[in-house]
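Nothing fancy with the numbering, it's 1 onward along the sequence. The basis for the numbers below is simple: all heavy atoms, side chains too, and nothing from hydrogens, waters or symmetry mates.
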Amino acid sequence: MYREKGGVGSRSEMGHLDRKRINDALDMHLERSSPSTSRALNGKDRSMLTAGKAPPDYRDSRYANLVEDKHSDEESETDSEESDVSGSDGDDTSWISWFCNLRGNEFFCEVDEDFIQDDFNLCGLSNQVPYYDYALDLILDVESSHGDMFTEEQNELVESAAEMLYGLIHVRYILTSKGLAAMLEKYKNAEFGRCPRVYCCGQPCLPVGQSDIPRQSTVKIYCPKCEDIYSPRSRFQNNIDGSYFGTTFPHLFLMTYGQMKPQKASQSYVPRVFGFKMHKP
């Protein structure tokens with residue numbers, strides 16, 4: 001059964017720390033190795049991947065890393081599991097649904113598995129994501145023959161690689177007709193947040209990246225009324241890579257759904273001193 005971010009204590013607090021810890025581990029791995037460590041893995045690398053003790057199921061890896069007493073009785077583990085699982089999620093929940101329902105991942109839409117299974121849509125990603133094949137299997141809920149042999153550290157790297165791979169697939173998907181339609185529903189429900197500018201009067205925003213290159217900046221929200229960008233209010237969303245939404249999405253979205261584009265803001269704040277407008281030098 002899939003886990004929320006964090007297994008003990010406050011799920012939101014622990015999830016923030018867990019995401020940071022796993023991403024730091026992936027950063028260290030990326031620095032030590034070349035960008036492609038998946039399809040081109042040599043024999044030595046594969047033997048290292050399949051060495052060590054069998055870790056917990058990948059669905060429980062976040063939880064397992066936070067449990068301090070590895071020899072606690074089964075009853076206490078069961079109680080922890082039941083209290084940390086998302087309310088309506090069951091054993092048959094897909095990885096994609098689980099991931100998109102994690103706190104902080106509200107900006108993501110669920111990518112169709114048919115889109116992911118089409119190799120054309122994944123062109124070039126194997127060179128950007130470490131453990132590509134294992135990460136793809138994780139996303140598609142494919143049982144890996146090597147999964148049971150991963151060490152805990154390798155399991156974390158595969159899980160983080162899966163998040164990265166899903167994000168890079170996601171940015172391509174939301175530029176398709178189906179992806180735009182999925183994001184439209186979120187936009188109508190203001191799931192991306194509202195513009196904090198007073199004169200925009202709570203205008204719903206769209207997610208945007210400041211770069212299309214991974215690990216350059218975090219996601220921002222774009223207001224179509226004042227045409228400016230802001231940081232998301234949630235600190236959990238502030239940790240999401242901006243490249244998972246890209247620089248193109250909000251503008252293509254508003255071109256596609258022109259009726260959703262609001263009139264440009266006409267009011268602006270005028271600074272005054274004792275009722276008199278400030279002189280501009």
**Q** For residues F253 and Y187, establish whether the separation of their ring centroids is below 6.0 Å.
**A**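 So the answer is yes for these two rings.
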
**Q** Decide yes or no on side chain to side chain contact (heavy atoms under 4.5 Å, CB included) for R197 and Y230, but give the supporting numbers first.
**A** CA-CA 9 Å; R197 185 173 179 271; Y230 305 89; 3.8 Å; yes

**Q** May I ask you to test the C226-Y199 pair for a side-chain heavy-atom distance under 4.5 Å?
**A**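 The answer is no, as the side chains (C-beta and beyond) never meet within the 4.5 Å cut-off.
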
**Q** For residues Q210 and Q216, determine if any side-chain heavy atom of one lies less than 4.5 Å from a side-chain heavy atom of the other.
**A**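 No, too far: nothing below the 4.5 Å cut-off.
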
**Q** Kindly determine whether D212 and T247 satisfy side chain to side chain donor-acceptor pair (under 3.5 Å), including the steps that lead there.
**A** CA-CA 6 Å; D212 293 313; T247 58; 2.9 Å; yes

**Q** Ring centres under 6.0 Å, that's the criterion: do F108 and F99 meet it?
**A**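 Centroid separation for F108 and F99: below 6.0 Å.
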
**Q** Under a 3.5 Å distance rule, please check whether N189 uses its side chain to pair with a backbone N or O of E185 as donor and acceptor.
**A**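 Flag set: sc N189 to bb E185 pair under 3.5 Å.
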
**Q** Distance check, rounded to the nearest 0.5 Å: E110 atom CD versus C100 atom SG?
**A**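 Going from the CD atom of E110 to the SG atom of C100 covers 5.0 Å.
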
**Q** Do you reckon I213 sits in the same ILVMFWY cluster as L125, going by side-chain contacts under 4.5 Å, direct or chained?
**A**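 The answer is no; the residues belong to distinct hydrophobic clusters.
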
**Q** What's the spacing between N105 CG and W98 CH2 if we round to 0.5 Å?
**A**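 If I round to the nearest 0.5 Å, the distance is 8.5 Å.
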
**Q** Is it true that F249 and I221 fall in one hydrophobic cluster, defined by side-chain heavy atoms closer than 4.5 Å?
**A**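 Same cluster: F249 reaches I221 through Ile, Leu, Val, Met, Phe, Trp or Tyr contacts under 4.5 Å.
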
**Q** Report yes if the side chains of W95 and L138 come closer than 4.5 Å at any heavy-atom pair, otherwise no.
**A**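 Counting from C-beta outward, W95 and L138 do come under 4.5 Å.
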
**Q** Does some side-chain heavy atom of K220 sit less than 4.5 Å from a side-chain heavy atom of S231?
**A**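 Counting from C-beta outward, S231 and K220 do come under 4.5 Å.
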
**Q** Measure the spacing between CZ of R235 and CG of N239 and express it to the nearest 0.5 Å.
**A**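 That separation rounds to 8.5 Å.
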
**Q** Which heavy atom in N238 sits nearest to a heavy atom in P232, and how many Å separate them?
**A**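 Minimum heavy-atom separation between N238 and P232: OD1-CD, 3.1 Å.
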
**Q** Does L206 form a side chain to side chain contact (heavy atoms under 4.5 Å, CB included) with L254? I'd like the steps, not just the answer.
**A** CA-CA 10 Å; L206 291 162; L254 294 170; 4.1 Å; yes

**Q** Could you state the interatomic distance from NZ (K186) to CZ (F107), rounded to the nearest 0.5 Å?
**A**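 The NZ atom of K186 sits 9.5 Å away from the CZ atom of F107.
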
**Q** Main chain of G246, side chain of S243: is a donor-acceptor contact present, judged purely on distance under 3.5 Å?
**A**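 Checking the backbone N and O of G246 against the side chain of S243, no donor-acceptor pair under 3.5 Å is found.
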
**Q** Do K178 and F115 have side chains that get closer than 4.5 Å, going by heavy atoms?
**A**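 The answer is no; the side chains never approach within 4.5 Å.
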
**Q** Any heavy-atom pair between the side chains of I116 and I139 that's under 4.5 Å?
**A**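 I139 reaches I116 side chain to side chain.
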
**Q** Show the nearest heavy-atom pair for residues K188 and M260, with the distance to one decimal.
**A**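 Of all heavy-atom pairs spanning K188 and M260, the closest is CG-CE, 4.1 Å.
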
**Q** Do the side chains of Y173 and V171 join up, straight or via other hydrophobic residues, at under 4.5 Å, putting them in one cluster?
**A**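 Different clusters.
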
**Q** Which heavy atom in S97 sits nearest to a heavy atom in T93, and how many Å separate them?
**A**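 In terms of heavy atoms, the two residues are closest at CB-CG2, 3.9 Å.
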
**Q** Looking only at atom types and distance, does a side-chain atom of R172 sit under 3.5 Å from a main-chain N or O of N121, one as donor and one as acceptor?
**A**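 Present.
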
**Q** Test your reading of the model: is there a side-chain donor-acceptor pair from E156 to the backbone of Q154, 3.5 Å cut-off?
**A**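 A pair under 3.5 Å: no.
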
**Q** Start with the C-alpha distance between R215 and M164, add both sets of side-chain angles, then the distance that settles side chain to side chain contact (heavy atoms under 4.5 Å, CB included), and finish with yes or no.
**A** CA-CA 10 Å; R215 301 181 182 277; M164 181 180 181; 4.2 Å; yes

**Q** If I compare all heavy atoms of C205 with all of C195, which pair ends up nearest, and what's the gap?
**A**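 So the two residues come closest at SG-N, 3.3 Å.
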
**Q** Please find the pair of heavy atoms, one from V111 and one from I96, that lie closest to each other, and give the distance.
**A**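 Closest approach of V111 to I96: O-CD1, 3.7 Å.
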
**Q** How about L136 and L140: do any of their side-chain heavy atoms sit closer than 4.5 Å?
**A**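 Answer yes - side chains close enough.
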
**Q** Run the side chain to side chain contact (heavy atoms under 4.5 Å, CB included) test on V208 and F245 for me, step by step, so that the C-alpha distance in whole Å, both residues' side-chain angles and the decisive distance to 0.1 Å come before the verdict.
**A** CA-CA 6 Å; V208 66; F245 300 89; 6.0 Å; no

**Q** Given side chains that start at C-beta, do those of H251 and Y222 come closer than 4.5 Å, heavy atoms only?
**A**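 Yes; the side chains approach each other to less than 4.5 Å.
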
**Q** Roughly how far apart are D118 CG and C123 SG, rounded to 0.5 Å?
**A**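 One finds 10.5 Å between CG of D118 and SG of C123.
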
**Q** Hey, could you give me the CG/CD distance between L122 and Q128, rounded to the nearest 0.5 Å?
**A**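 Result: 11.5 Å between the selected atoms.
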
**Q** Considering non-hydrogen atoms only, spot the tightest contact between Q237 and V219 and give its length.
**A**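 Scanning both residues, the minimum pair turns out to be O-CG1, 3.3 Å.
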
**Q** May I ask whether Y244 and L252 are part of the same hydrophobic cluster, defined by side-chain heavy atoms of I, L, V, M, F, W, Y residues being less than 4.5 angstrom apart, directly or through others?
**A**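 Hydrophobic grouping puts Y244 with L252.
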
